[in-house]
**Q** 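Questions regarding the structure given below will be posed in turn.
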Amino acid sequence: MTATPRTDRSARQPLLSLSLDPEGPLPLHRQLYQQLREAILGRRLTSGMRLPSSRLLTQELGISRNTVLAALDQLTAEGYLAPRRGSGSFVAALAPEPALPARQPTPRPEKAATLKPSGRSRQLAVSAPQRLVTGGAFTPGLADHREFPFALWSRLLAKSWRDPPAALVGPGEAQGHQGLRRAIARYLGAMRGVVCAPEQVFIVNGARQAVDLAAHALIDHGDIACVEEPGWPGLRGTLAANGALLVPVPVDEFGMTVASGLRVRLIAVAPSHQYPLGVTMSLARRLELIQWAKRSDAWILEDDYDSEFRYGGRPLAALQGLDEEGRVVYVGTFSKVLFASLRLAYLVVPPELVDIVARVRPSLDDYPSAIAQPALAEFIDAGHFVAHIRRMRRRYQARQEILLDAAGRHLSGLLDIEPCAAGMHLVARLGRALAGRQDDRTLSGLAAASGITAPALSSYFHGPVGAQGLLLGYAPVAEDEIEPAVRRLAQALGAARQG
């Protein structure tokens, strides 16, 4: 259907031309979201412009108001719209650089000649051997395996292996099970705004291996790689092991700051939910970061850690969806979402990197285990994966609220804890009773002695420590276990205050 809403000049409402297809592959609210997003990024809707009301859009497009509101709410959550009480929704102010056109699943323009794989990756591809064709309370980063539908999972595994085809029991594909790669590409396109084909997906044994594979393909010894400060030590260590010179870049409330004057080879960032601070990168900062990478002729390594568990609306679209030049290499994991021992993650590379990454991989691990991959593919395709995420999102949100309530009653003065709109852990800063008296590593040790796993925030800094605190992972802790654990932590920290 095509509809052109009427224009109210006094309210500065734009003339919109929107085409929604009820028979299309995407739901109507997602079609409306994408078309409005493209208009904003393309500057057809400029900053400060007022959108038609949801009631007017509903009438003109002939769709339900809930459909319109779902699209507008998502655009607001991602920073494209700025609602004003009593006045409607207005286009937000974006980065000052020229707008990036919205990325579509169409053939790419020719890549700049300077944007190439690393020289070391080509050497590894040539020298690679030929591949034969034949846990305590509050531990961060863990899902609650007790809530996983293992009975269903066991049936899917049995179905895959009751009479497996020869291709499944022989040496696997370097990129992983084709059915799983198709399922991942469909899921990422629908839920994360990632534009990719199954051929761009590589199945790996954990996010660290994904980073290692990307590092082999993208950087040479001595190349500069910017990392978040504080940030995930696993990523820093893997990049350093591949010869990168690490430059820590501070993270503020809008995400990694942009060091626009620094020329780098790689920018490693977790925009959806930064670890350990938990902040979400703003839209303006995402656009600035892409422009920084463009000026530096750099790659971006996007770690989409913890993106599924966002409690205020849909998960934000991935940075990869804003990338028009094929600079973003995307990393995601199932181990943090389903259960840790699954050890399955994935790497999504631009089309121009597929061949070199496929030829480099046999130098590292040949191919991933196929035991769980067919079952996971069906788990995703049948809708069980999205259903599990929705169920756990509600459960984790409730656990965060219980933790905040218990902390307010037992940890007042000891730790200052703010709610977070996403994720599986909270950052607890040292309160007035402990700040300046004890360092967080000592406090983490005292907590461990009481059976509480609460890593020190300072341990996530690459350079000088910029903050003190403890990380409290609530996801794997049952509701009735949270308050007793908080009391034990309060006793341990109270003893430190008295000492």
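Given the structure is predicted, the values throughout are model-derived calculations rather than measurements.
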**Q** Between F385 and Y187, does the ring centroid distance fall short of 6.0 Å?
**A** yes
**Q** How would you list, by chain and number, every residue that makes a side-chain contact (heavy atoms from CB on, under 4.5 Å) with E401, sequence neighbours excluded?
**A** Q397
**Q** Ring centres under 6.0 Å, that's the criterion: do H388 and F148 meet it?
**A** yes
**Q** Identify whether the distance between the nearest side-chain nitrogen and carboxylate oxygen of R391 and E147 falls below 4.0 Å.
**A** no
**Q** For Y346 together with F334, are the ring centres under 6.0 Å from each other?
**A** yes
**Q** Answer yes when E308 and K336 have at least one side-chain N-carboxylate O distance shorter than 4.0 Å, and no when they do not.
**A** no
**Q** Hey, are R208 and D212 close enough for a salt bridge, meaning a charged N less than 4.0 Å from a carboxylate O?
**A** no
**Q** Taking R186 first and then D381, would you say they form a salt bridge - that is, a charged N and a carboxylate O separated by under 4.0 Å?
**A** yes
**Q** Tell me whether D252 is salt-bridged to R285, with the criterion being a basic N under 4.0 Å from an acidic carboxylate O.
**A** yes
**Q** Listed by chain and number, what are the side chain to side chain donor-acceptor pair (under 3.5 Å) partners of N66, not counting sequence neighbours?
**A** none
**Q** Using the benzene-type ring in the case of Trp, are the ring centres of H425 and Y275 under 6.0 Å apart?
**A** yes
**Q** One thing to verify: whether D297 and R263 come together as a salt bridge, which I'm taking to mean a side-chain N less than 4.0 angstrom from a carboxylate O.
**A** no
**Q** Run S307 and D304 through side chain to side chain donor-acceptor pair (under 3.5 Å) and show every step you take.
**A** CA-CA 6 Å; S307 64; D304 205 26; 3.1 Å; yes
**Q** What residues, two or more places apart in sequence or in another chain, satisfy side chain to side chain donor-acceptor pair (under 3.5 Å) together with E302?
**A** none
